[in-house]
Amino acid sequence: MEIFASTPRLILREIIPADAPGMLALDGDPAVVQYVGGVTISTLEEAREKIQFIRQQYARNGIGRWAVIEKASNNFVGWAGLKLVTEPVHQQVNFYDVGYRFITQYWGKGYATECAVASLRYGFEQLQPDYLYAWTDAGNTASAHVLTKVGFQLTDTFIHDGVPCNWFEISRLSWQSRIR
């Protein structure tokens, strides 16, 4: 199992089939999926299918979301990381998207910020794109706050699947100037 990044409190590693109970707790909660389509899952089989989908991204694109493991408890707390988006979104295609999603009991602990910073570091140092992107439901102010806190700039709003969304960008140059 590959570890992609580590923070003082978290390990970001590949998602594995054994993470199915955690994925069910995550995507089975309506509060967690409120701003990402609102569709929950209800079985371990659905969780395994989501994990398989992510693992196919690893094989096909060399990158996909990572399991977030709390070091103190060894618990699966959610996922985070980068995803290569190969379908058009807001006039972009074949771009790296920074994202994160956590089980509600782990909200408010700063884990999204830690994971976003680790994702930026990995993305710009390992994948070396000129830009990384993120987008959120316009109503998801908590996620927007995390993105701007780590250096993303809100550059536009757009409609995706009938939902108002915010588009965020960060350049490698901007990121490098922040870490100096």
Side-chain angles (χ1 to χ4, degrees), residues 1-41 44 46-48 50-51 53-55 57-58 63-85 96-127 132-154 165-170 174-175 178-179:
M1 157 179 36
E2 185 173 355
I3 294 175
F4 294 95
S6 180
T7 75
R9 301 182 294 166
L10 306 169
I11 295 169
L12 286 76
R13 62 152 170 83
E14 73 180 272
I15 292 177
I16 58 174
D19 293 325
M23 187 68 79
L24 177 58
L26 180 71
D27 283 356
D29 185 338
V32 171
V33 298
Q34 174 183 0
Y35 293 115
V36 291
V39 178
T40 58
I41 62 172
L44 279 174
E46 289 173 299
R48 287 185 195 101
K50 285 187 169 277
I51 289 169
F53 178 75
I54 293 167
R55 294 187 61 75
Q57 291 174 0
Y58 297 158
I63 194 75
R65 305 298 194 199
W66 308 319
V68 179
I69 307 300
E70 188 179 54
K71 288 180 179 178
S73 66
N74 203 36
N75 288 339
F76 176 98
V77 301
W79 59 249
L82 301 158
K83 173 183 172 180
L84 179 64
V85 178
Y96 293 108
D97 170 68
V98 174
Y100 37 81
R101 189 178 301 174
F102 299 97
I103 296 170
T104 54
Q105 76 186 69
Y106 300 101
W107 290 4
K109 296 179 181 281
Y111 289 171
T113 301
E114 281 184 45
C115 289
V117 168
S119 299
L120 289 172
R121 180 172 290 113
Y122 184 91
F124 285 125
E125 291 178 2
Q126 301 300 317
L127 304 173
L132 291 172
Y133 302 92
W135 49 291
T136 66
D137 181 302
N140 191 345
T141 57
S143 190
H145 175 73
V146 168
L147 293 170
T148 56
K149 183 177 176 179
V150 302
F152 277 91
Q153 298 295 310
L154 172 62
C165 293
N166 292 326
W167 184 258
F168 297 86
E169 301 179 1
I170 186 170
S174 172
W175 176 77
R178 286 180 63 88
I179 61 169

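If you're wondering where the values come from, they're calculated on a predicted model, not measured in any experiment.
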Which distance, rounded to the nearest 0.5 Å, do you find between the [atom1] of [X] and the [atom2] of [Y]?
{"X": "I69", "Y": "N74", "atom1": "CD1", "atom2": "CG", "answer": "6.5 Å"}
{"X": "F152", "Y": "L132", "atom1": "CZ", "atom2": "CG", "answer": "5.5 Å"}
{"X": "I3", "Y": "I11", "atom1": "CD1", "atom2": "CD1", "answer": "5.0 Å"}
{"X": "L10", "Y": "F102", "atom1": "CG", "atom2": "CZ", "answer": "7.0 Å"}
{"X": "W135", "Y": "L147", "atom1": "CH2", "atom2": "CG", "answer": "12.5 Å"}
{"X": "F53", "Y": "R65", "atom1": "CZ", "atom2": "CZ", "answer": "10.0 Å"}

Set of salt bridge (Lys or Arg N to Asp or Glu O under 4.0 Å) partners for E14, sequence neighbours left out =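 Only R55 meet the salt bridge (Lys or Arg N to Asp or Glu O under 4.0 Å) criterion with E14.
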So, Y96 side chain and F124 main chain: donor-acceptor pair closer than 3.5 Å or not?
->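 No, the answer is negative, given that no donor and acceptor are paired below the 3.5 Å cut-off.
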Looking only at atom types and distance, does a side-chain atom of R9 sit under 3.5 Å from a main-chain N or O of K109, one as donor and one as acceptor?
->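 Judged by distance alone, yes, a pair lies under 3.5 Å.
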So which atom in [X] and which in [Y] form the shortest heavy-atom distance, rounded to 0.1 Å?
{"X": "T7", "Y": "A118", "answer": "CG2-CB, 4.1 Å"}
{"X": "G22", "Y": "I103", "answer": "O-CD1, 3.9 Å"}
{"X": "F168", "Y": "A144", "answer": "CZ-CB, 3.7 Å"}
{"X": "V98", "Y": "S119", "answer": "CG1-CB, 4.1 Å"}
{"X": "V146", "Y": "A116", "answer": "CG1-CB, 4.3 Å"}
{"X": "W175", "Y": "R121", "answer": "CZ2-CA, 3.5 Å"}

side-chain contact (heavy atoms from CB on, under 4.5 Å) between M23 and I15, intermediate numbers included | CA-CA 10 Å; M23 187 68 79; I15 292 177; 4.1 Å; yes
Taking only residues two or more places apart in sequence, or in another chain, which ones meet T40 in a side chain to side chain donor-acceptor pair (under 3.5 Å)?
->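 Scan of T40 (side chain to side chain donor-acceptor pair (under 3.5 Å), adjacent residues dropped) gives none.
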Above 12 or not: heavy atoms from other molecules or residues under 6.0 Å from CD of Q126?
->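 Yes - once you tally the heavy atoms of other residues, nucleotides and ligands closer than 6.0 Å, there are more than 12.
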Around K71, counting heavy atoms of other residues, nucleotides and ligands shown, do more than 12 lie under 6.0 Å from its NZ?
->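 Enclosed.
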For T113 and V150, run side-chain contact (heavy atoms from CB on, under 4.5 Å): C-alpha distance rounded to whole Å, both residues' side-chain angles, the deciding distance at 0.1 Å, then the answer.
-> CA-CA 7 Å; T113 301; V150 302; 3.8 Å; yes
With a 4.0 Å cut-off, would you call D19 and R13 a salt bridge?
->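 Between R13 and D19 there is a salt bridge, with a charged N closer than 4.0 Å to a carboxylate O.
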What donor-acceptor contacts under 3.5 angstrom involve side-chain atoms of residues 75-85, with partners at least two apart or in another chain?
residue: N75; atom: ND2; partner: S73; partner atom: OG; Å: 3.1
residue: N75; atom: ND2; partner: Y106; partner atom: OH; Å: 3.1

side-chain contact (heavy atoms from CB on, under 4.5 Å) evaluation trace for H145 with T141 | CA-CA 6 Å; H145 175 73; T141 57; over 6 Å; no
Geometric class of the F4/Y122 ring pair [parallel <30°, tilted 30-60°, perpendicular >60°] |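 Aromatic pair Y122/F4 classed perpendicular.
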